[in-house]
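Here is the structure we will look at.
We're numbering straight along the sequence, starting at 1.
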Amino acid sequence: MTEAFVSPHSTCSLDCSTVVCFFAGVLTYRNNFEDAANEIARRYPNAKIVMIFPYGMANGRKGAALFRLLARQLTQVGYDLAHERSLRVINAAEILRDHAAGCDRLILIGHSAGGVVAYRTGLYMKEKFGLQKVQVFAVGCPKFYLKDIPYNNRFTYITGQNPDRITQIGSWRKPGSRVYRGRPGREMQLDFNPDHQGWRFHASYFLKSAWTDSNQTFRTNSEDLVSKIHELDSENEKLP
């Protein structure tokens, strides 16, 4: 069941020029994106920040209930990887249609499987509602077959320097296909807190997660990631 809410870090509530939407993956808790939302608020002075959980939230689930949730979510993720439109994509588009009405800029940021839904939601809104200037950023996301279409120029795929099993799933191009031959407009690797490994690394992209790099510079995951997204968004605004 898709769940959504507006972040308290939003710098606008009505007639907002910018709408930023975070899309969660599996086993994600309600506050997962709040550090990143705080960074968004610092850079976008007139922005509504929306959180969408296409696979539901993990809050209040423990033990067997958490495993049942994960099993259901993984089944849904498998469907979303293989199909361009799902109920989760349509639900997200309807939610955003209301929030983004009249905005000048729509930025969709997806984590893990949420990156798949973010990409497909933006494309659905472009085709269904005529939305043109959407930017999509997928972070720590599995790969999925892409058509070779201009929309991909507004799609950025971000990974980290440490191994992340999720980003090793799938591929952009379907072997032997003349349709699925696309790639993201940008693919890049950023440095995140190196103390995290495995699943902790995958889960920490959007968290504050402070660390000091080799130059003894203090850094945080959420600030570095959102700073790069803001930079790329400004560049993408020049695209036709």
Side-chain angles (χ1 to χ4, degrees), residues 2 20-26 28 52-55 73-97 100 105-161 163-190 202 205-206 225 228-229 231-240:
T2 300
V20 179
C21 181
F22 290 92
F23 287 76
V26 304
T28 305
I52 294 183
F53 294 75
Y55 307 102
Q73 289 179 331
L74 291 177
T75 299
Q76 294 170 341
V77 169
Y79 185 92
D80 290 340
L81 284 169
H83 298 82
E84 293 184 9
R85 292 183 184 175
S86 68
L87 182 60
R88 287 161 292 284
V89 169
I90 295 171
N91 285 344
E94 291 297 336
I95 291 169
L96 281 175
R97 185 184 185 187
R105 172 182 289 166
L106 177 61
I107 304 168
L108 310 183
I109 306 171
H111 175 226
S112 196
V116 181
V117 181
Y119 175 92
R120 299 201 190 287
T121 298
L123 182 58
Y124 178 79
M125 293 183 74
K126 178 179 182 295
E127 296 173 347
K128 182 76 172 179
F129 309 131
L131 187 70
Q132 296 300 320
K133 293 207 169 183
V134 59
Q135 309 286 351
V136 182
F137 299 88
V139 184
C141 173
K143 298 179 179 68
F144 51 99
Y145 296 147
L146 292 179
K147 294 179 180 178
D148 188 10
I149 54 178
Y151 173 76
N152 293 343
N153 293 331
R154 295 178 172 275
F155 176 38
T156 300
Y157 182 76
I158 298 173
T159 60
Q161 82 282 13
D164 182 344
R165 293 180 182 178
I166 300 301
T167 62
Q168 298 169 13
I169 296 172
S171 63
W172 302 123
R173 299 184 178 185
K174 186 175 183 178
S177 174
R178 296 183 179 181
V179 176
Y180 295 103
R181 303 177 63 183
R183 298 191 69 88
R186 287 190 179 93
E187 294 184 70
M188 61 180 54
Q189 177 181 293
L190 302 181
H202 177 74
Y205 293 117
F206 293 87
L225 175 59
K228 177 56 69 173
I229 287 174
E231 173 191 325
L232 295 175
D233 172 52
S234 299
E235 293 177 6
N236 286 350
E237 277 297 298
K238 302 173 184 177
L239 294 173

Partner residues of [X] under the salt bridge (Lys or Arg N to Asp or Glu O under 4.0 Å) criterion, sequence neighbours left out:
X: K128; value: none
X: K174; value: none
X: R183; value: E187
X: R85; value: E127

Suppose we screen for side chain to side chain contact (heavy atoms under 4.5 Å, CB included). Which residues come up paired with [X], at least two apart in sequence or across chains?
X: L131; value: L106, M125, V134
X: R97; value: E94, F129
X: S86; value: Y79, D80, R88, V89
X: Q161; value: Q189, D191, F192, P194, F201

[atom2] on [Y] to [atom1] on [X], rounded to 0.5 Å:
X: S171; Y: L146; atom1: OG; atom2: CG; value: 9.5 Å
X: Q135; Y: I229; atom1: CD; atom2: CD1; value: 11.0 Å
X: S234; Y: R105; atom1: OG; atom2: CZ; value: 6.0 Å
X: K143; Y: Q168; atom1: NZ; atom2: CD; value: 8.0 Å
X: I107; Y: D233; atom1: CD1; atom2: CG; value: 3.5 Å
X: L123; Y: I149; atom1: CG; atom2: CD1; value: 5.0 Å

Checking side chain to side chain contact (heavy atoms under 4.5 Å, CB included) for the pair R173/Y145: CA distance, chi angles, key distance, verdict? CA-CA 5 Å; R173 299 184 178 185; Y145 296 147; 6.0 Å; no
Do [X] and [Y] have side chains that approach each other closer than 4.5 Å (heavy atoms only, starting at C-beta)?
X: L225; Y: L190; result: yes
X: I52; Y: T121; result: no
X: R154; Y: K133; result: yes
X: Y151; Y: V136; result: yes
X: F155; Y: F137; result: no
X: I158; Y: Y205; result: no

Does P184 offer a backbone N or O that forms a donor-acceptor pair with the side chain of Y157 under 3.5 Å?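 Checking the backbone N and O of P184 against the side chain of Y157, no donor-acceptor pair under 3.5 Å is found.
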When you measure from the side chain of S177 to the backbone N and O of P175, does any donor-acceptor pair fall under 3.5 Å?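 The answer is no, because no donor-acceptor pair under 3.5 Å joins these two groups.
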So, for [X] and [Y], which heavy atoms are closest and what is the spacing to 0.1 Å?
X: R120; Y: E84; answer: CD-O, 3.1 Å
X: F144; Y: W172; answer: O-CE3, 3.1 Å
X: P142; Y: L81; answer: CG-CD2, 4.0 Å
X: Q76; Y: Y55; answer: OE1-CD2, 3.3 Å

Pairs of donor and acceptor atoms involving the side chains of residues 109-119, under 3.5 Å and at least two apart or interchain, shall be tabulated with distances.
unit_1 : atom_1 : unit_2 : atom_2 : d
H111   : NE2    : H202   : O      : 2.8
S112   : OG     : H202   : NE2    : 3.1
Y119   : OH     : N152   : OD1    : 2.6

